[in-house]
S.K.: 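Take a look at the following structure, please.
Residue numbers start from 1 in every chain, and the chains themselves are labelled A, B, ... in the order their sequence lines are given, proteins ahead of strands. Computed over heavy atoms, backbone and side chain alike; hydrogens, waters and symmetry mates excluded.
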Number of protein chains: 2
Amino acid sequence: MVKGDGSDSSVSWQSIRDTMMTRIRAQDYAPGELIPNEVDLAAEFGCARATVNRALRDLATSGFLDRRRKAGTRVREAPRRKATLSIPLTRAEVESSGARYDYRLLERAIETPPPLVRETLKLSGTERLLHVKSLHLADDVPHMFEDRWIVLETVPAIETVDLAKTSPNVWLVRHLPYTHGTMEFLAETAGARSRHLICADDDPVLTMLRVTWLDASPITFARQSFSPSHRMRLEL
Amino acid sequence: MVKGDGSDSSVSWQSIRDTMMTRIRAQDYAPGELIPNEVDLAAEFGCARATVNRALRDLATSGFLDRRRKAGTRVREAPRRKATLSIPLTRAEVESSGARYDYRLLERAIETPPPLVRETLKLSGTERLLHVKSLHLADDVPHMFEDRWIVLETVPAIETVDLAKTSPNVWLVRHLPYTHGTMEFLAETAGARSRHLICADDDPVLTMLRVTWLDASPITFARQSFSPSHRMRLEL
DNA sequence: GAAAATAATATGTCTGCACATAATAAGCGT
DNA sequence: ACGCTTATTATGTGCAGACATATTATTTTC
């Protein structure tokens with residue numbers, strides 16, 4: 001076959017991707033403008049169209065290209081980037097820094113949602129929610145305080161789980177992957193949480209709000225506040 | 001042909017992906033355990049192996065499966081998730097909320113890096129850096145204060161750019177896409193920034209640190225502090 | 001029995017080819 | 001001109017077959 005030897009006769013989709021990436025960076029293709037179509041590029045690189053397709057598809061999902069049928073492929077003006085945030089699974093985060101992880105269940109109750117939670121999770125207000133407060137520690141030092149609401153209608157199984165042993169997040173990740181969700185970062189003063197995080201009332205703390213859904217059904221709303229000086233790190 | 005009519009005889013990779021996703025969620029395949037190989041799945045779904053491959057590859061990049069040659073494909077114990085953060089291009093962020101965006105250059109100077117910057121960007125200390133402080137506004141209200149260092153050795157062209165018109169970030173995104181970088185969120189007190197953000201000295205502000213690289217060359221180190229009450233939102 | 005050579009296996013990818021689909025462009029009738 | 005129908009075109013996807021590559025399993029050799 002023509003491609004058998006692997007060294008030169010065949011072109012890899014990665015090499016095409018890299019070449020195209022170089023051209024985009026060098027502005028050989030102007031931002032916003034059309035690039036040659038797949039057939040032409042395949043001819044240029046001397047490969048099958050499918051190979052070019054793979055390369056361009058990859059650049060599109062990476063956010064450097066915009067592709068539309070018939071309309072063609074064009075260079076994105078402002079590349080969108082994806083951050084691979086190693087899903088703040090607190091345990092892994094703590095242990096990766098060499099510290100010993102510990103978890104304490106503080107409160108557990110079944111309640112109806114207060115207004116903020118009701119709105120966030122788009123509930124009617126009559127649902128039964130599991131309300132859990134917990135503390136996560138690194139080397140016995142408070143690391144994060146979590147206040148979480150879980151919709152029992154969506155996750156009935158969690159009602160019988162012993163949350164003193166397994167943290168809600170760990171259980172949820174393991175048993176009920178979400179389909180989508182949102183995440184918000186904000187800064188606030190520790191306030192009442194200072195008691196758990198062992199800091200001053202007016203210390204600034206980083207708070208992360210997370211809402212997850214299983215299609216149209218709300219799963220959980222979590223408010224996680226980290227001890228002062230903590231940094232949430234993401235890779236780009 | 002067998003697949004021509006498009007309605008039933010052919011199976012789409014998306015449908016296979018969805019079916020497999022359902023099985024993973026239902027724990028038909030136990031976490032950590034092997035799933036059938038591509039040939040068997042292709043037989044089950046009545047399609048070509050390439051189609052199964054596409055589906056499984058997608059689930060792997062989404063973080064639900066782990067794939068290794070010869071070793072096979074297994075269900076990840078704790079799915080890794082990716083957040084598509086709409087690259088905090090401040091202008092777009094502000095305008096999407098319906099507000100008018102404005103930008104003001106506060107300071108511009110060429111300096112040698114202080115210790116923190118030198119370490120972060122792994123510099124020797126003798127390099128010339130462009131040091132820029134700027135303020136970004138939404139409807140004339142301070143929205144974000146930025147303190148940025150740009151390595152002129154990596155980005156010589158920016159020295160002649162009129163940064164009163166174009167913000168450094170906009171220029172960089174447009175002219176020099178980075179290959180990788182990191183991002184950190186933290187909470188701190190406004191301190192001296194309170195003057196620009198028009199808030200109290202001890203108000204908690206969300207700060208985002210961003211460092212970007214072009215392969216092994218450092219591009220820029222930015223410290224962006226948002227006005228109190230601002231939330232940084234990411235989609236999962 | 002341990003190390004080295006060899007086989008087996010699952011995923012990775014490329015090739016041609018065909019048809020599907022979405023969106024634009026062209027043609028046409030009024 | 002205007003709106004409608006009908007090409008045309010670029011990307012999207014499927015199939016069968018072949019080879020590539022990374023591991024793991026097995027056998028051979030000392």
Side-chain angles (χ1 to χ4, degrees), chain A residues 1-21 23-24 29-30 32-76, chain B residues 1-21 23-24 29-30 32-76:
Chain A
M1 289 295 125
V2 198
K3 62 163 182 358
D5 48 284
S7 53
D8 54 311
S9 45
S10 183
V11 183
S12 75
W13 68 268
Q14 290 97 332
S15 73
I16 294 178
R17 179 198 56 196
D18 294 348
T19 301
M20 295 303 288
M21 189 65 225
R23 292 183 185 176
I24 292 169
Y29 302 126
E33 278 318 296
L34 283 173
I35 68 173
N37 69 38
E38 296 186 348
V39 175
D40 291 349
L41 286 172
E44 184 199 326
F45 289 111
C47 67
R49 183 170 76 90
T51 309
V52 172
N53 181 280
R54 183 91 153 80
L56 297 187
R57 199 152 33 78
D58 190 77
L59 286 171
T61 57
S62 302
F64 294 106
L65 294 177
D66 252 338
R67 319 195 74 201
R68 274 166 53 224
R69 284 179 180 168
K70 162 72 182 175
T73 302
R74 52 187 70 229
V75 180
R76 279 186 87 104
Chain B
M1 291 296 127
V2 198
K3 61 161 182 2
D5 48 282
S7 54
D8 53 313
S9 45
S10 185
V11 183
S12 75
W13 68 268
Q14 288 98 332
S15 73
I16 294 178
R17 179 198 55 196
D18 294 348
T19 301
M20 295 303 288
M21 189 66 225
R23 292 183 185 176
I24 292 169
Y29 301 126
E33 279 319 296
L34 282 173
I35 69 173
N37 69 39
E38 296 185 349
V39 175
D40 291 350
L41 286 171
E44 183 199 328
F45 289 111
C47 67
R49 184 170 77 88
T51 309
V52 172
N53 180 279
R54 183 93 149 78
L56 297 187
R57 197 153 33 80
D58 190 77
L59 286 172
T61 56
S62 302
F64 293 105
L65 295 176
D66 252 339
R67 319 195 74 202
R68 273 168 53 224
R69 285 179 179 168
K70 163 72 181 177
T73 301
R74 52 188 70 228
V75 180
R76 279 186 86 103

S.K.: Return the value, rounded to whole Å, for the distance between atom CZ of B/R68 and atom P of C/dT9.
M.R.: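 Result: 18 Å.
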S.K.: Heavy-atom contacts under 4.0 Å between residues 47-58 of chain A and DNA chain D, which residues?
M.R.: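 Correct list: A/R49, A/N53.
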S.K.: Whole-Å distance between D/dG12 C1' and A/R69 CZ?
M.R.: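 It is 4 Å, rounded to the nearest whole Å.
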S.K.: Counting only side-chain nitrogens and oxygens, does A/T73 get under 4.0 Å of the OP1 or OP2 atom of D/dA10?
M.R.: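 No, no such contact exists.
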S.K.: Minimum heavy-atom separation for B/A55 to B/I16, with atom names?
M.R.: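 So the two residues come closest at CB-CG2, 3.6 Å.
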S.K.: Let me know the distance between CZ of B/R67 and C1' of C/dA10, rounded to the nearest Å.
M.R.: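 Going from B/R67 (CZ) to C/dA10 (C1'), I get 9 Å.
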S.K.: Round to the nearest Å and state the distance from B/L59 atom CG to C/dG12 atom C1'.
M.R.: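 These atoms are roughly 17 Å apart.
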S.K.: Tell me the interatomic distance from B/L34, atom CG, to C/dT9, atom C1', rounded to whole angstroms.
M.R.: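 Going from B/L34 (CG) to C/dT9 (C1'), I get 12 Å.
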S.K.: Need to verify one output field. Residue with the more 5' nearest nucleotide on DNA chain C, A/W13 or B/N37?
M.R.: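 Going by which nucleotide is closer to the 5' end, it is B/N37.
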S.K.: Over all heavy atoms of both residues, which pair between A/R76 and A/G63 is shortest? Give the atoms and the distance, please.
M.R.: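 Closest heavy-atom pair between A/R76 and A/G63: CD-O, 2.7 Å.
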S.K.: Can you name the nearest heavy-atom pair linking A/V11 to A/C47, along with the distance?
M.R.: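 The answer is CB-CB, 4.3 Å.
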S.K.: So does A/R57 pair up with A/E38, basic N to acidic O under 4.0 Å?
M.R.: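 No, no charged N to carboxylate O under 4.0 Å.
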S.K.: Taking atom C1' of D/dT9 as reference, at what distance in whole Å does atom CD of A/E38 sit?
M.R.: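 After rounding, the gap between these two atoms is 12 Å.
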S.K.: So, using side chain to side chain donor-acceptor pair (under 3.5 Å) as the criterion, who are the partners of B/R68 when residues are at least two apart?
M.R.: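 B/R68: no side chain to side chain donor-acceptor pair (under 3.5 Å) contacts found.
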S.K.: What is the separation between atom NZ on B/K70 and atom P on C/dA7, rounded to the nearest whole Å?
M.R.: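 Taking atom P of C/dA7 as the reference, NZ of B/K70 is at 14 Å.
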S.K.: Which residues pass the side chain to side chain donor-acceptor pair (under 3.5 Å) test with B/E44, sequence neighbours left out?
M.R.: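 Testing B/E44 for side chain to side chain donor-acceptor pair (under 3.5 Å), a comparison that skips the adjacent residues, returns B/R23.
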S.K.: C/dC14 C1' sits how many Å from A/R17 CZ, rounded?
M.R.: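 Atom CZ in A/R17 sits about 16 Å away from atom C1' in C/dC14.
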S.K.: Should B/D66 and B/R74 count as an ion pair when the cut-off is N to O under 4.0 Å?
M.R.: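 No, this pair does not count.
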S.K.: Please confirm whether the shortest side-chain N or O distance from A/Q14 to OP1 or OP2 of C/dT13 is below 4.0 Å.
M.R.: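 Answer yes for this pair, as a side-chain N or O of A/Q14 is under 4.0 Å from OP1 or OP2.
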